[in-house]
Structure formats: structure tokens, C-alpha cells
Amino acid sequence: MAITEGPTTPAVGGKGLQAGALGLVGNVVIGLAAVAPAYSLAATLGYVVLAVGEKAPAMFVLAFIPMLLVAFAYKELAQDTPDCGTTFTWGTKAFGPWIGWIGGWGLAVSAIIVLANVAEIAAIYLFNFLGLDGLAENVFAKVGLGCFFILSMTFVSARGIVVSERMQNVLIAIQFGVLVTISVIALIRVFAGNAGAQAISPQWSWLWPGGLDTSSIAAAIILCIFIYWGWDACLAVGEETKDPGKTPGIAALITTVILVCTYVLVAYAIQSFAGFGEDGIGLNNPDNTDDVLTILGGPVAGTVAASALLLTVSVSALSSTQTTILPTARGSLSMAVYEAIPKRFANVHPRYMTPAFGTIVMGVSALSFYLLLTALSENALADSVASLGLAVAFYYGVTAYACVWYFRRTLFASARNLMFRGIFPLIGALAMTWAFFQSAKDMIQPDYGYTAFGPVGGVFVLGIGMLVLGIPLMLACFAFGTKRFFRGETLNAQTEVKVPDVY
């Protein structure tokens, strides 16, 4: 279907979204922002070092491999079916409505969980940047500002994809500018010999996982799933991207490559400059584990750099707050278009051309989850984030398996098909399956995380519980909805995508 575009009217896609609003760069920016690299490093690197010591860079490379393989699956599926429903749509076309619905729910769950955390992180680091350390420790102050961030980013997301992209261009430039600059300064000082007695020379062996046991590697890889998660936001805004059958998939691959390069650079810089001592800025100092990133700002480049890193982590979390809302709202739009959830979610704002209702519901859901867990305890909020890997591994795995099964009849048509639609996605899917069950096995222990329900760890209860919650919700949609989706009438393997063929 061709779209006629007037001089002042943006092109409208098959679901009412603004077609052709993003280019390749804008798509990559949204993918990077959703990952929140500065915040992810600050929250995770210390624990990766705790698990594997100097081999942290090797873990970033090792975890990148299944992410890249899953990204190939996303690329192939997006080229065939460029739909903003992503996992929901592709899972349904491959395996039917029930698995597709639960796959879409897994994506929504991961977003709701992480939104509650990143909003609070943005508030805490902003208070620290402003020198208001007392407010950063005050529950009412940080929760109040966190709630404001969720509401404001929901508003920005509802105003249009172009507004969102422009804001993210600024925020992502700040993140990568500060991370790369301070990392380079740290390495220059190490090589120049003026980084201090604690500094050590970088080693190529840090990129090889030799000498580690399986348990340590598993713990580190599970942590790294979180640090890479979010790049698939590129695919959720595919219908608003120029050349939706090609650009989003390429953007996803570019995003994952940029991330692994950045993570390895920062890990090398931090390990080399800080060393592995047990006091001071040493990485084996238990006081540093929660955030080995921002403590290095002052020692590396003075108070200005220290403040810049605090602001960068806040900006990183804030940008992720917004870009996490974007794909989930578009996922609910697709589900509603195909009648998997109430049609109200299919409404698109006539002026801003965004799924405004779904965006608002997403923001309110995250806000409610945040307030509920905070009311229970701050430990429950921390455990919810620790459970995130389950939902992420689940819906990434569903997507990768869907690629193999959906294209099963054409796998042997060419060597390229066999590799990029079969072998690569299958390996990625198996890796995600392993990560899911290994995570569940570890999380079920009562001493995993900060809370427990008798002999069962609170992290396991929250992670599995949020996924299982999707079953009664799905059954409610079946019982009170049109049932056409669940009979395979609105979306199946033969359904043509509801996006324009030409922008």
C-alpha cells in the first residue's frame, strides 16, 4: 500500500504510527539509550569482577556472542515481518497465539521491572551530583523524584517519536562522551606510569576466560545479560523507521557491536587504573562493588570528572526510563491491533501518532509497581531488578526459537539461510535457555538477594511470579475478548504485516 504524504502531514503507517520518522542513526541511538550503558556498567561491573576477577572483559565478549546471535534472529524476522510487536508477533506467527502472547508479556514484564529501578537510580545519582547526599538517602525524596521522572518520560514518549529521538541524541552523546573520555584518560595515565601504585598494566589475557570454573562463568554471563539488554528497542520502532524491512535489523547489529566495544574499553580502563587491591579504589574492596565506575572519576581526572560521572549515570538511567516505555507501548499497540488485548490499546494519537493510551498505561503500571515494592521494602525493589534476567532470557529465547521455526522450510535453500536463520539463532536460543534455567536454579536459594519467602529466594519469587502472572491475564483476554486472535484468525503464519509497503 502506498502512502500519500502531503507537504505538512507526516506519513502514517498501517497502525497509525509516524512512518519514516527515524533514520539508521536515530534507530541506533534509541537502541543504545534503552540499554543505558553508563548505568549498566555502574551497577554490574563490580559484581562481574567479584565473580571472575580480571576476566571481566572476557565475560563481556563471551556474553556478547549469544546477544549477537539473537540479534541475527531479530534482523531476519524484522526483514520478513517489520512489526512493532516484535516477540509477540513473531512468536505468534511461528508457534501460535498462546506462546506469542506470553512472549509479548515477557517483554512487558522486563520493562515494568526495570523502569521502577532506573527511575530511582536517576534520582539518586542526580541528588549526588548536586551534592544533596542526604536527599539521595531519603526515601520520600528519591521516590518522589523517581515518580516524577517516570511521569515526565511517559509524557515525552506520548508526544511523538521525533521528540523522543531528539532528546535521546543529547543524552546518549553525554553518556558515551564521558565514558570514552575518562576511560582514555585512565589508560593514558596507566601507560604513562602516573596512575598510582595500585595501577597495573593491561593484559591481553583478560580477554580469554581460561582458568575459570563453570559456576563463575555462569554467574558472570547472567549478570551480563542485564548489561546488554535493551538493544531490541531498535526493532520496536521499526515501523517508524525508514526502510523498516532493513534498517532496524542493521541498527540492532550496530548497537550490540558498539556496546561490546564500549564495555571492553571501560573494563580495561577501570581494571588497569584501580587494580585489584582490597582497600582504596581497588576492585576487591567490598565497599566499591556496588559502583566501581563513579568512584574512579576523582582519582582519574579530578572533581570535575567525578561530578561528570555522577551526572552521566543519572542521565543514562533517565534516558533508559524513556526508551524502555517506547517499545513496550508499541508492543501493546500491536497486540491490540491483532485483538490479543483490548482494542483500546490500538488507539493512536491523531496528532502525535503515538500509542498514547498504551504509553500512559505503561507509565502508570511502572509507577504502581515502583510504589508497591517501595512500600514493601527497598530490598524487594533491589531483588526485582536482580530477577530481570529471567524475563529477558525468556523473551529473547522465544524470539530466537521463533526465527528457526518460522523459517524452517527455507533453511536449506542457501548457506546464508542455514547460518543466519537456523544455526546462529538456534545457538542464541539455547544460550538463553541455559541462562534462564541457570538463573532460576541460583535464584531459588533463600540466600540469593535480600529477601526470602521461607526456603525460596525472593528474587526467584518475583522473577517467576511476574512471568506466571501473564497466564491469568492471557486467559482473561481469551475469556472476555473477541477470541479471534486465540483462534488464529487475526494473526498467523500467513498474515500480512499491517505496515505500509512504501514510505
Contacts under 3.5 angstrom, residues 355-369 side chains, donor-acceptor by atom type, not counting sequence neighbours:
from   : atom 1 : to     : atom 2 : distance (Å)
Thr359 : OG1    : Pro355 : O      : 2.8
Ser365 : OG     : Val361 : O      : 2.8
Ser368 : OG     : Val364 : O      : 2.8

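Separating the CH2 atom in Trp90 from the CD atom in Glu76 is a distance of 11.0 Å, to the nearest 0.5 Å. Between the CD1 atom in Ile99 and the CE atom in Met474 there is a gap of 9.5 Å [rounded to 0.5 Å]. Atom CG of residue Leu311 and atom CZ of residue Phe129 lie 4.5 Å apart, to the nearest 0.5 angstrom. Separating the OH atom in Tyr396 from the OG1 atom in Thr399 is a distance of 8.5 Å, to the nearest 0.5 Å. One finds the CE atom of Met432 at 8.5 Å from the CG atom of Leu69 (value rounded to the nearest 0.5 Å). Taking CG of Leu41 as the reference point, atom CG of Leu179 lies at 6.5 Å (rounded to 0.5 Å).
Taking 4.5 Å as the limit, some side-chain heavy atom of Leu126 sits within range of a side-chain heavy atom of Leu145. With contacts defined as side-chain heavy-atom distances shorter than 4.5 Å, the pair Phe176/Leu32 qualifies. Between Ser387 and Ile113 the shortest side-chain heavy-atom distance falls below 4.5 Å. Between Phe345 and Leu333 there is no side-chain heavy-atom pair separated by less than 4.5 Å. Between Phe436 and Leu467, the closest side-chain pair of non-hydrogen atoms falls below 4.5 Å. Ile341 places a side-chain heavy atom less than 4.5 Å from the side chain of Trp101. The shortest side-chain heavy-atom distance between Phe148 and Val143 does not fall under the 4.5 Å cut-off. Between Thr433 and Tyr401, some side-chain heavy-atom pair lies under the 4.5 Å cut-off.
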(message) Let's go through Asn492 and Thr495 carefully: what are the C-alpha distance in whole Å and the side-chain angles of both, what is the deciding distance for side chain to side chain donor-acceptor pair (under 3.5 Å) to 0.1 Å, and is it a yes or a no?
(response) CA-CA 5 Å; Asn492 53 57; Thr495 304; 3.2 Å; yes
(request) Before giving the answer on side chain to side chain contact (heavy atoms under 4.5 Å, CB included), spell out for Val109 and Phe394 the whole-Å C-alpha distance, their side-chain angles and the decisive distance to 0.1 Å. (result) CA-CA 11 Å; Val109 162; Phe394 175 75; over 6 Å; no
(request) Walk me through it: do Leu253 and Phe72 pass the test side chain to side chain contact (heavy atoms under 4.5 Å, CB included)? (result) CA-CA 7 Å; Leu253 295 176; Phe72 282 129; 3.9 Å; yes
(request) Could you walk me through whether Ile254 and Ile258 pass side chain to side chain contact (heavy atoms under 4.5 Å, CB included), step by step? (result) CA-CA 6 Å; Ile254 292 174; Ile258 290 175; 3.7 Å; yes
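For the pair Ser40 (side chain) and Val35 (backbone), a donor-acceptor distance under 3.5 Å is present. No donor-acceptor pair under 3.5 Å is formed between the side chain of Lys93 and the backbone N or O of Leu491.
Other residues, nucleotides and ligands place no more than 12 heavy atoms under 6.0 Å from the CD atom of Glu137.
Annotation: side-chain hydrogen bond (donor to acceptor under 3.5 Å, both in side chains) contacts involving residues 140-153, sequence neighbours excluded, comprise Lys142-Glu378. Judged as a side-chain hydrogen bond (donor to acceptor under 3.5 Å, both in side chains), the pairs with a partner in residues 105-121 (not counting sequence neighbours) are, in order, Tyr39-Asn117, Glu120-Tyr370.
Closest approach of Thr256 to Phe64, counting heavy atoms only: O-CE1, 3.4 Å. The heavy-atom pair separating Ala38 from Ser316 by the smallest distance is N-OG, 3.4 Å. Minimum heavy-atom separation, Thr255 to Gly31: CG2-C, 3.9 Å. Scanning both residues, Tyr228 and Val260, for their nearest heavy atoms gives OH-CG2, 3.3 Å. Taking both residues in full, the closest heavy atoms of Pro37 and Leu259 are given as CB-CD2, 4.3 Å, listed atom of the first, atom of the second, then distance. Across all their heavy atoms, Ala119 and Phe149 have their closest contact at O-CD1, 3.8 Å.
Between Trp98 and Phe478, the ring planes lie tilted relative to each other; the angle falls in the 30° to 60° range. In this pair, Tyr338 and Phe88 present their aromatic rings tilted. The plane angle is within the 30 to 60° band.
Screening Val114, Ile225, Leu107 for a side chain to side chain contact (heavy atoms under 4.5 Å, CB included) with Val392, the sole residue that qualifies is Ile225.
Under the 3.5 Å distance criterion, with hydrogens and angles disregarded, a donor-acceptor pair is assigned to the side chains of Glu339 and Thr482.
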